[in-house]
Amino acid sequence: MATLVTGPVRVRFAPSPTGFLHVGGVRTAIYNELLRLHCGGVFVLRIEDTDKARSDEAMTRQIQDALSWTGIRWDEGPFLQSERLPRHAERAAELLAADKAYRCFCTTEELEAQRAEAQKHGGSFRYPRTCAHMDPDEIARRIEAGQTFVVRFRAPDANITFFDLVRGDMDFPPEAIDDFILLRSDGSPTYHMSVVCDDIDMTITHVIRGEDHLSNTPKHVPLFQAFGAAVPTFAHLPLILGPDKKRLSKRFGATSVEEFRAEGILPEALYNYMSLLGWSPGDDREIVSREEMGRIFDVDRLNASAAVFDREKLLWMNSQYMGSSTLDQIRPHLDSFLVEAGLTGADPARLSTVLELHRSRARTLRELVQSVVCYFRDEIPYDAEASKKFLADLDLPVHLAALRDRFAEVEAFGKDPLEAALRAVAEERGVKPSVLIHPTRTALSGANGGPPLFDLVAAMGKDETSRHLGHFIAYLRRGGALPEHQD
RNA sequence: GGCGCAUUCGUCUAGGGGUCUAGGACGUCGCCCUCUCACGGCGGGAACACGGGUUCGAAUCCCGUAUGCGCUACCA
């Protein structure tokens with residue numbers, strides 16, 4: 001099949017501000033942006049904040065921040081759906097005037113009873129059109145009597161068909177929907193009314209949204225038609241699942257942009273990873289920038305089946321981005337982690353050196369910063385496994401003391417002289433260099449892995465190296481006990 | 001319950017009737033590199049849900065079954 005979508009498009013992302021921006025929402029936004037990037041056109045941001053109980057201004061702000069951070073750019077908006085409610089009601093009234101909708105006086109209680117009855121007999125409930133053909137005089141009389149009513153759409157009795165870019169031709173029987181409500185008894189428009197009205201007014205050409213809307217679409221299509229508007233092309237994206245194959249939940253860790261940001265994921269990595277969850281370029285490319293993605297994006301390659309969110313792969317991808325970026329590129333994202341680690345006052349040059357040294361070894365920004373605090377602290381925790389091993393070697397404190405003294409004599413405190421010094425001490429004491437190397441690493445960094453030792457020592461500096469070794473020797477002599485503080 | 005959607009290695013995926021003894025990536029295991037860890041390189045193990053068709057030939061098309069998920073509001 002050739003390219004399904006050509007020419008300029010008008011797409012929209014329409015989240016409801018109900019808290020953090022969920023990864024499912026991010027992916028929907030990304031595919032909207034990608035289609036817009038590929039085809040040209042306009043990407044509209046619309047905040048569906050009509051459920052006032054759950055929405056507020058701060059949440060709306062938060063969605064924009066989360067999108068911006070991820071690197072998603074929209075061309076128009078944000079439009080607030082709540083500000084367009086009068087327009088929606090006005091359009092619904094047009095339908096009522098044209099007899100494409102009608103007033104329904106049935107009470108919630110009556111409908112509840114009918115619904116319960118229908119379900120008891122194993123069927124699904126559809127509004128039985130009790131008020132569909134009410135006499136005009138009767139309507140007038142009831143309004144006069146002060147009875148409230150809702151406005152219902154006169155749903156067609158024909159099959160409803162539409163095209164979905166992900167699933168192909170869709171065909172729903174008339175029973176799939178009923179005469180759903182357009183206007184509530186207080187006159188406010190329902191979601192279906194608002195969405196369709198906005199999509200028409202904003203001349204949306206392609207509706208890309210989550211699969212949970214698929215069964216809403218048979219309601220929307222005849223509504224577009226009732227207004228004589230062009231029906232947009234749909235693309236219903238499959239859901240994102242957790243490791244348990246159920247809807248992704250907090251139980252398995254971060255699920256929102258804000259949380260990934262706080263964990264130290266780079267926005268480029270999140271964008272890249274999310275865009276590949278349900279879509280692929282068709283070749284072996286995996287590390288793809290937003291720009292490249294926009295160039296090669298093709299709706300035809302969107303997947304129809306749900307995808308499990310794989311944290312491990314996101315982490316891998318993040319480490320790829322951390323490794324291939326320059327420190328300057330990463331630096332702006334590091335601030336909050338530096339604050340968290342108490343390194344805001346750290347010497348910038350020293351900080352840069354050690355961050356560079358550890359950059360390729362961390363999977364997240366947080367890990368990176370954590371791995372570097374040892375350069376700025378005298379007291380550091382030692383890796384349990386490593387210290388257990390070194391405590392067993394009773395000669396070690398003496399070896400390390402000799403090494404500390406030798407390091408203190410090294411004039412040019414650089415990689416090569418340091419290595420020569422350590423090897424000399426090892427030879428004098430009749431042990432292999434590695435017998436000194438590994439505990440020294442633990443003494444300085446606390447870890448049992450990390451950068452090449454002599455890079456580590458050189459970056460640490462003479463005084464700090466001496467202090468760290470001193471602390472570790474004392475720690476070993478105490479048999480691993482915590483230091484005794486006096487006063 | 002009804003309606004709908006989906007089903008290729010543990011996970012993300014390639015695959016559009018023969019080129020599939022099913023390719024790549026993450027993870028995993030082994031080896032190499034090496035002062036350690038990470039990177040990198042090499043290699044191993046690992047999948048077409050099941051049953052019927054259609055066809056000379058099916059992972060690919062059709063129908064069932066199973067399983068999973070979604071929807072089923074005067075919520076969005």
Side-chain angles (χ1 to χ4, degrees), chain A residues 1 14-18 48-51 53-55 81 104 106-108 111-112 115 118-126 148-152 164 166-167 170 172-173 175-178 180-192 194-195 210-218 236 238-239 241 243 245-247 273 276-287 301 303-317 319-320 323 358-363 371 386 419 422-423 432-438 440-442 445 447-454 456:
Chain A
M1 201 184 296
S16 48
T18 54
E48 307 210 326
D49 59 343
T50 53
D51 187 5
R54 301 195 301 186
S55 310
Q81 199 161 61
C104 166
C106 298
T107 65
T108 308
L111 294 171
E112 281 301 323
R115 196 190 323 277
Q119 273 167 2
K120 203 164 67 185
H121 296 300
S124 64
F125 175 72
R126 295 175 70 224
T148 59
F149 59 87
V150 299
V151 174
R152 285 184 183 273
D164 188 293
V166 176
R167 287 151 229 277
M170 303 297 297
F172 287 82
E175 304 86 71
I177 63 169
D178 67 354
F180 57 93
I181 294 170
L182 263 21
L183 249 33
R184 302 186 186 97
S185 51
D186 66 357
S188 65
T190 59
Y191 165 73
H192 303 296
S194 292
V195 170
E211 189 189 78
D212 42 347
H213 287 288
L214 186 58
S215 33
N216 287 150
T217 307
H236 288 96
L239 268 17
L241 273 26
K245 303 275 179 104
K246 295 193 193 310
R247 221 172 176 147
Y273 177 73
L276 257 25
L277 207 55
W279 184 83
S280 83
D283 53 31
D284 292 341
R285 277 178 287 188
E286 294 217 281
I287 305 294
R301 301 191 58 83
N303 270 120
S305 53
V308 172
F309 186 89
D310 186 359
R311 211 185 135 67
E312 285 298 315
K313 190 154 186 176
L314 203 217
L315 253 20
W316 168 79
M317 197 167 275
S319 68
Q320 293 291 306
H358 287 261
R359 186 163 57 92
S360 68
R361 272 165 259 268
R363 293 206 297 179
S371 72
E419 177 157 8
L422 182 138
R423 289 189 185 279
K432 287 190 294 185
S434 63
V435 171
L436 301 180
I437 287 173
H438 300 304
T440 303
R441 173 176 293 107
T442 300
S445 69
N448 58 5
L453 182 73
F454 304 106
L456 170 58

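Order of the sequence lines fixes the chain letters, A, B, ..., with proteins taken first and strands second; residue numbering starts at 1 for each chain. Not measured: the values here are computed from a predicted model.
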Between [N] and [M], how far apart are the two [atom1] atoms, rounded to whole Å?
{"N": "B/rC20", "M": "B/rG15", "atom1": "C1'", "answer": "9 Å"}
{"N": "B/rC39", "M": "B/rA58", "atom1": "C1'", "answer": "43 Å"}
{"N": "B/rU11", "M": "B/rA47", "atom1": "P", "answer": "12 Å"}
{"N": "B/rC63", "M": "B/rG68", "atom1": "P", "answer": "22 Å"}
{"N": "B/rA14", "M": "B/rA25", "atom1": "C1'", "answer": "11 Å"}
{"N": "B/rU65", "M": "B/rC74", "atom1": "C1'", "answer": "40 Å"}
{"N": "B/rC71", "M": "B/rU60", "atom1": "P", "answer": "30 Å"}
{"N": "B/rC9", "M": "B/rG52", "atom1": "C1'", "answer": "26 Å"}

When you check the phosphate oxygens OP1 and OP2 of [N], does a side-chain N or O of [X] lie under 4.0 Å from one of them?
{"X": "A/Lys313", "N": "B/rA25", "value": "no"}
{"X": "A/Arg363", "N": "B/rA38", "value": "no"}
{"X": "A/Arg115", "N": "B/rC74", "value": "yes"}
{"X": "A/Ser280", "N": "B/rA14", "value": "yes"}
{"X": "A/Arg301", "N": "B/rG15", "value": "yes"}
{"X": "A/Arg247", "N": "B/rC71", "value": "yes"}
{"X": "A/Asn303", "N": "B/rA14", "value": "yes"}

Measure from the side chain of [X], starting at C-beta and using heavy atoms only, and say which of [options] lies closest.
{"X": "A/Pro452", "options": "B/rU11, B/rU36, B/rC37", "value": "B/rU36"}
{"X": "A/Arg167", "options": "B/rA6, B/rC35, B/rC74", "value": "B/rA6"}
{"X": "A/Gln81", "options": "B/rA76, B/rC35, B/rU11", "value": "B/rA76"}
{"X": "A/Leu277", "options": "B/rC5, B/rC12, B/rC26", "value": "B/rC12"}
{"X": "A/His192", "options": "B/rG27, B/rA76, B/rU7", "value": "B/rA76"}
{"X": "A/Gln320", "options": "B/rG70, B/rG40, B/rU36", "value": "B/rG40"}
{"X": "A/Met170", "options": "B/rA38, B/rA76, B/rC5", "value": "B/rC5"}
{"X": "A/Glu312", "options": "B/rG27, B/rC71, B/rU11", "value": "B/rG27"}

Review item, nucleotides 19-23 of chain B N/O atoms under 3.5 Å of protein N/O:
none

Worksheet item: So does A/Ser185 reach the base of B/rC74 with its side chain, donor to acceptor, closer than 3.5 Å?
Response: yes
Worksheet item: Which nucleotide, in any strand shown, forms a Watson-Crick or G-U wobble pair with B/rC56, with both distances under 3.5 Å?
Response: B/rG18
Practice prompt. Measure from the side-chain N and O atoms of A/Asp49 to the backbone N and O of A/Gln81, and report whether any donor-acceptor pair falls under 3.5 Å.
Written response: yes
Worksheet item: Listed by chain and number, what are the ring-ring contact (aromatic ring centres under 6.0 Å, His included) partners of A/His438, not counting sequence neighbours?
Response: none
Worksheet entry | A/Phe172 vs A/Leu453, nearer the 5' end of RNA chain B by closest nucleotide | A/Phe172
Distance in Å, [X] [atom1] paired with [Y] [atom2], rounded so as to fall on 0.5 Å steps:
{"X": "A/Leu241", "Y": "A/Leu277", "atom1": "CG", "atom2": "CG", "result": "9.5 Å"}
{"X": "A/Glu286", "Y": "A/Leu276", "atom1": "CD", "atom2": "CG", "result": "6.0 Å"}
{"X": "A/Asn216", "Y": "A/His192", "atom1": "CG", "atom2": "NE2", "result": "5.0 Å"}

Determine whether [X] and [Y] make a side-chain contact, defined as any pair of heavy atoms from C-beta on separated by less than 4.5 Å.
{"X": "A/Leu183", "Y": "A/Phe149", "result": "no"}
{"X": "A/Asp164", "Y": "A/Thr217", "result": "no"}
{"X": "A/Phe180", "Y": "A/Asp178", "result": "yes"}

Discussion item. Once side chain to side chain contact (heavy atoms under 4.5 Å, CB included) is applied, do any residues pair with A/Pro218, and if so which ones, sequence neighbours excluded?
Written reply: A/Ile160, A/Phe162, A/Phe172, A/Ile177
